[in-house]
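First the proteins, then the strands, lettered A, B, ... as listed; each starts at 1. Because the structure is predicted, anything quoted here is derived from the model rather than measured.
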Number of protein chains: 2
Amino acid sequence: MERSGVGTSPGAVRPDAVGFRPLYRQVYDMLLRRLADAVWQPGQILPSEGQLAAELGVSQGTVRKALDALTADSLLVRRQGRGTFVAEHDDKQSVFRFFKLRPDGEGTGMPTSRVAAIAEAAANADERDRLALAGSARVVRIERTRALDGRLCLIETISVPVALFPGIAGLDLPNTLYSLYASRFGITIATASERLKAVVLPPREAVLLEVEAGTPALEIDRIAFDLEDRPVEWRRSTCLTESLHYLSVLR
Amino acid sequence: MERSGVGTSPGAVRPDAVGFRPLYRQVYDMLLRRLADAVWQPGQILPSEGQLAAELGVSQGTVRKALDALTADSLLVRRQGRGTFVAEHDDKQSVFRFFKLRPDGEGTGMPTSRVAAIAEAAANADERDRLALAGSARVVRIERTRALDGRLCLIETISVPVALFPGIAGLDLPNTLYSLYASRFGITIATASERLKAVVLPPREAVLLEVEAGTPALEIDRIAFDLEDRPVEWRRSTCLTESLHYLSVLR
DNA sequence: TAGTGGTCTAGACCACTGC
DNA sequence: CAGTGGTCTAGACCACTAG
């Protein structure tokens, strides 16, 4: 097979180049680009390995390696005998990919949400810093509470750039925001980084969570990144952990 | 190639069996067994892909797939042009695989330890539960404090079964316990599960951490598992998070 | 039964390391 | 330069799904 099949453009394989970029990596990037550009919608089926291989002019094994990598990154789902699909993030399994609070004892641990406030404003210094925004950027701030198995446990403020989510302030927000981000704005949350601290619950949050002030609480500071690794959401959650915990699995 | 190369024992490929077990999975299990049995020591080089393939009577590609899986599980390290090595857990990178506390600002974040107490005792109900021990089992309890960049930040109690770690109470304990587990007792920590809660620092811990009682603290309850997924260590840590945080990356 | 992904093989060649 | 892991290919066959 001719390597020029993937392109002689910058980035194609050049044996003596300092930065060697394997073919399957180039295929990975091309497919990732299509996902980022929403060429294929979540839930939709992709062409078969053979079709993609023929289209891109590489072997099926090389396409397979790229598809496997995208699957490992949770961007695709492969089902033997059926096909390869764009991953959806609103099914029960996917919710817990980014929601790590679990009940201590029994219970499904399925979270529910109630929006307390939503407003647009100029981004403050913290928001500009965390979301890599320009000085003039505007954000939408969403404040909401969440419950686990009907039990109020969390209050959080979510900041997103207006530029990326135009009109989000006027929408009816679902329980799982990330599926809305994907379906309505074409933004897929690929990874997130959380910083956890133990704090004393501030008076205002104590009122909203209906507990006495001074209670210890878990503060979660999350930045969520899209497929191109850009920060697209900043979220600060304050959680009561009396009857629940944050689950972290180390591998 | 004859499939019987990997063995006609139970678990070998049987095309019509209900539970189909791929060849590379069998190779994975065989190599995992050798790692668990400490046939190859941490840091030691493995035979080359070709040698393993010849020995096991499978193709090099199949061995490669098994080695890649073991590498993904952080049990092996592969270095192009050099070879495949058993992973070590005492280098700087590996320390942070299981230690998720980071300084808020600058600093290396390299932890240090000081053992406060170490004693053997009959396992209590919690320990028997968490470590899946019999009623008569005994454990060693280690209490120690840890500091980040010279700053005292954590106190923890570690319980391990005496049966798995004979004589550990008499040893000089290093900063990174898991490398001791591997080198001295042949036990490799493969995964760990942590449950985090926000609590009010108890009086006793407050004294040992040299802060006032009532300070909020992060409580981390960890169970660590070995290569065969047996719980081998229970650890409860209480951390001050005033100038540091727990880092969790979601993918 | 046709089509998909999953496994396995054999062989060629490339990139990297160390002697 | 020899030896290692890494990439890529082509082709055969297996397991699974759905019409």
* Return the value, rounded to whole Å, for the distance between atom CZ of R64(A) and atom P of dA12(D). => 17 Å
* **Short side-chain N/O contact from T62(A) to OP1 or OP2 of dT9(D), under 4.0 Å** => yes
* Distance test, side-chain N/O of R82(A) to OP1/OP2 of dA18(D), below 4.0 Å -> yes
* Are side-chain heavy atoms of I168(A) and Y181(A) found at a separation under 4.5 Å? -> yes
* Asked: For R25(A) and dT7(D), what is the distance between atoms CZ and P respectively, to the nearest whole Å?
  -> 11 Å
* For dG19(D), the Watson-Crick or wobble partner whose two distances fall under 3.5 Å -> none
* Provide, to the nearest angstrom, the distance between the CG atom belonging to D68(A) and the P atom belonging to dC8(C). => 14 Å
* Spacing between R78(A) atom CZ and dT7(C) atom P, to the nearest angstrom -> 10 Å
* To the nearest angstrom, how far is Q80(A) atom CD from dC8(C) atom C1'? -> 14 Å
* To do: Test the K65(A)-Y24(A) pair against the cation-pi criterion, namely NZ or CZ under 6.0 angstrom from the six-membered ring centroid and within 45° of the ring axis.
  => yes
* So, is the end of the R79(B) side chain (NZ or CZ) under 6.0 Å from the ring centre of F85(B) and within 45° of the ring's axis? -> yes
* Between dC8(D) (C1') and Q60(B) (CD): distance, integer Å -> 14 Å
* May I have the distance from L23(A) (atom CG) to dC13(C) (atom C1'), rounded to whole angstrom? => 13 Å
* In terms of heavy-atom contacts, does CZ of R34(B) have more than 12 from other residues, nucleotides or ligands at under 6.0 Å? -> yes
* To do: Please figure out whether G81(B) or V63(A) has its closest DNA chain D nucleotide nearer the 5' end.
  => G81(B)
* **K65(B) side-chain N/O to dT7(C) phosphate OP1/OP2 under 4.0 Å** => yes
* Asked: Does OP1 or OP2 of dT4(D) have a side-chain N or O of T84(B) closer than 4.0 Å?
  -> no
* Tell me: CD of Q51(A) to P of dG3(C), nearest whole Å? -> 11 Å
